[in-house]
Amino acid sequence: AQSGEVAADPQQYDQAYLSPVTIGNSELMLDFDTGSADLWAFSNETPASQSQGHERYDSATGTELDGYSWSITYGDQSGAGGNVYTDKVVVGGVTATRQAVEAATSVSASFSQNIDSDGLLGLAFSSINTVQPRQQTTFFDTVRPTLAKALFTCDLRQGDAGSYTFGYIDSSKYQGTVTYVPVDDSQGFWQFTAGGYSVGGDNATSGSVGTAIADTGTSLLYLPAAVTKAYYEQAGGRYDNQQGGYTLPCNGGAPDFSVAIGGKTFTVPGSYIAYAPLTTGSSTCFGGIQPDTGIGFSIFGDVFLKAVYAIFDVSQGSPRLGFAAQ
Ligand SMILES: O=C(CCCl)NNC1=[NH+]CCN1
């Protein structure tokens, strides 16, 4: 049985985390994304004008799926599209011999401009893979039958290298016990229910966060508008229309944010929520918590995930998420 571990290296402000992946003879840095289900890469088919500075997948090592294509738009309105090959993909020593690899023939500006990222490796459910005419499986679904345990884990860290593991849990990476909650995969996401929250350690847990997804491909923590408002009232933040989000002082006084999941409380340090200065040297920061208005659920992105050890587990028949304090 296979198992393995790969580093997750943070970009500036932990905006995304990148992991080394070998596809055919190409070694690329991909953004592992539990909020989508396509494995795509800059390729020899991506226009030079869009791929300056990126490593590219050389599709010559692959077998083209004739007449197949893909096209994806993400929650932040970035997107890409192209052709489809099968090729050997290796992640931390775990090998998929015939993985669907989506070669980009077009990518949106934000992907071209982020030269550290050579593409994405989707880890949501294969039911939302965008390949036509026949949907393809994610890397995890492809290798799942060969894994020692049908699960992967995510240990993202603030401003430091973390890791993903496939096929095993590393108990040295967390403290205390793991709390498991059921996952509703009907929308293709790692969707769960989050409970009461508290700001700044006051025990009074207020309302309930509700339906949420665990999404390594989203940088911030998107919460219901009422929860977000309550947080910034205590944090001394304000909604800045020009910035299109809440901002707050960078000065280190931001309160912690705690949320109950499966009856256990998980805490995001206030320092994670003073996310990044509006511009270099500014004493005002863009907030790491923002309203989830219009999305339809909350998104527990990297700002939350780097505070916990997360286990994405399909070994029990129905899928479940495990969380433990880091
Ligand atoms: O698209 C989403 C949100 C799903 Cl609701 N997450 N994944 C991602 N990848 C690149 C930007 N965002």
Side-chain angles (χ1 to χ4, degrees), residues 1-8 19-28 30-41 57 61-65 68 70 72 84-103 119-155 163-171 173 178 180-192 213-217 309-323:
Q2 297 196 93
S3 65
E5 179 176 35
V6 68
S19 299
V21 177
T22 303
I23 308 177
N25 292 337
S26 310
E27 161 93 38
L28 307 176
L30 301 185
D31 178 359
F32 286 20
D33 180 10
T34 61
S36 67
D38 285 49
L39 194 173
W40 72 264
Y57 164 57
T61 60
T63 301
E64 182 158 21
L65 295 182
Y68 281 61
W70 61 283
I72 194 163
V84 189
Y85 296 79
T86 56
D87 208 333
K88 179 179 170 188
V89 175
V90 185
V91 175
V94 175
T95 299
T97 47
R98 283 183 56 238
Q99 171 64 38
V101 176
E102 301 171 32
L120 268 69
L121 186 142
L123 291 169
F125 291 87
S126 298
S127 58
I128 58 172
N129 173 268
T130 73
V131 172
Q132 302 268 9
R134 305 181 69 171
Q135 200 167 54
Q136 301 296 304
T137 54
T138 65
F139 172 79
F140 175 60
D141 273 348
T142 305
V143 300
R144 184 192 331 188
T146 70
L147 292 178
K149 286 185 178 176
L151 59 85
F152 64 92
T153 75
C154 158
D155 168 22
S163 65
Y164 291 95
T165 70
F166 290 87
Y168 74 101
I169 292 169
D170 180 348
S171 56
K173 291 206 166 77
V178 177
Y180 287 96
V181 288
V183 161
D184 168 359
D185 62 3
S186 60
Q187 291 192 81
F189 298 118
W190 291 90
Q191 183 178 304
F192 64 101
I213 69 168
D215 182 5
T216 57
Y309 183 72
I311 302 167
F312 297 75
D313 182 349
V314 297
S315 70
Q316 306 295 304
S318 14
R320 64 180 186 169
L321 271 168
F323 292 109

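Numbers here are sequence positions counted from 1.
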Of all heavy-atom pairs between [X] and [Y], which one has the smallest distance, and what is that distance?
{"X": "L321", "Y": "F192", "result": "CD1-CD2, 3.4 Å"}
{"X": "W190", "Y": "R320", "result": "CZ3-O, 3.7 Å"}
{"X": "G167", "Y": "A148", "result": "O-CB, 3.6 Å"}
{"X": "V131", "Y": "D38", "result": "N-OD2, 4.3 Å"}
{"X": "A41", "Y": "L28", "result": "CB-CD1, 3.6 Å"}
{"X": "G188", "Y": "A124", "result": "O-CB, 3.3 Å"}

Using only atom types and a distance under 3.5 Å, with no angle test, would you say the side chain of [X] pairs donor to acceptor with the backbone of [Y]?
{"X": "W70", "Y": "A103", "value": "yes"}
{"X": "D33", "Y": "G35", "value": "yes"}
{"X": "Q135", "Y": "S127", "value": "yes"}
{"X": "S126", "Y": "N129", "value": "no"}
{"X": "Y309", "Y": "D170", "value": "yes"}
{"X": "Q99", "Y": "T137", "value": "yes"}
{"X": "S19", "Y": "A7", "value": "yes"}
{"X": "S36", "Y": "G122", "value": "no"}
{"X": "Q136", "Y": "R134", "value": "yes"}

Using the side-chain contact (heavy atoms from CB on, under 4.5 Å) rule, take Y164 and D155 through it: C-alpha gap first, then chi angles, then the decisive distance, then the call. CA-CA 6 Å; Y164 291 95; D155 168 22; over 6 Å; no

Do other residues, nucleotides or ligands put more than 12 heavy atoms under 6.0 Å from the NZ atom of K88? no

Aromatic plane relationship, F140 with F166 - under 30° parallel, 30 to 60° tilted, over 60° perpendicular: tilted

Gap separating the [atom1] atom of [X] from the [atom2] atom of [Y], nearest 0.5 angstrom:
{"X": "S315", "Y": "L151", "atom1": "OG", "atom2": "CG", "answer": "5.5 Å"}
{"X": "T61", "Y": "N25", "atom1": "OG1", "atom2": "CG", "answer": "5.5 Å"}
{"X": "D185", "Y": "I128", "atom1": "CG", "atom2": "CD1", "answer": "10.0 Å"}
{"X": "L120", "Y": "E102", "atom1": "CG", "atom2": "CD", "answer": "10.5 Å"}
{"X": "D87", "Y": "S26", "atom1": "CG", "atom2": "OG", "answer": "8.0 Å"}
{"X": "T216", "Y": "F32", "atom1": "OG1", "atom2": "CZ", "answer": "9.0 Å"}

Hey, does [Y] have a side-chain heavy atom less than 4.5 Å from the side chain of [X]?
{"X": "V101", "Y": "Y57", "answer": "yes"}
{"X": "F312", "Y": "T34", "answer": "yes"}
{"X": "V314", "Y": "R144", "answer": "yes"}
{"X": "T86", "Y": "L65", "answer": "yes"}
{"X": "F139", "Y": "V21", "answer": "no"}

For a side-chain contact (heavy atoms from CB on, under 4.5 Å) check, start with the C-alpha distance between F323 and V181, then their side-chain angles and the critical distance, and finish with the verdict. CA-CA 8 Å; F323 292 109; V181 288; 4.3 Å; yes

Determine the sole option in V91, L121, V89, V90 for which the side-chain contact (heavy atoms from CB on, under 4.5 Å) test with I23 is passed. V89

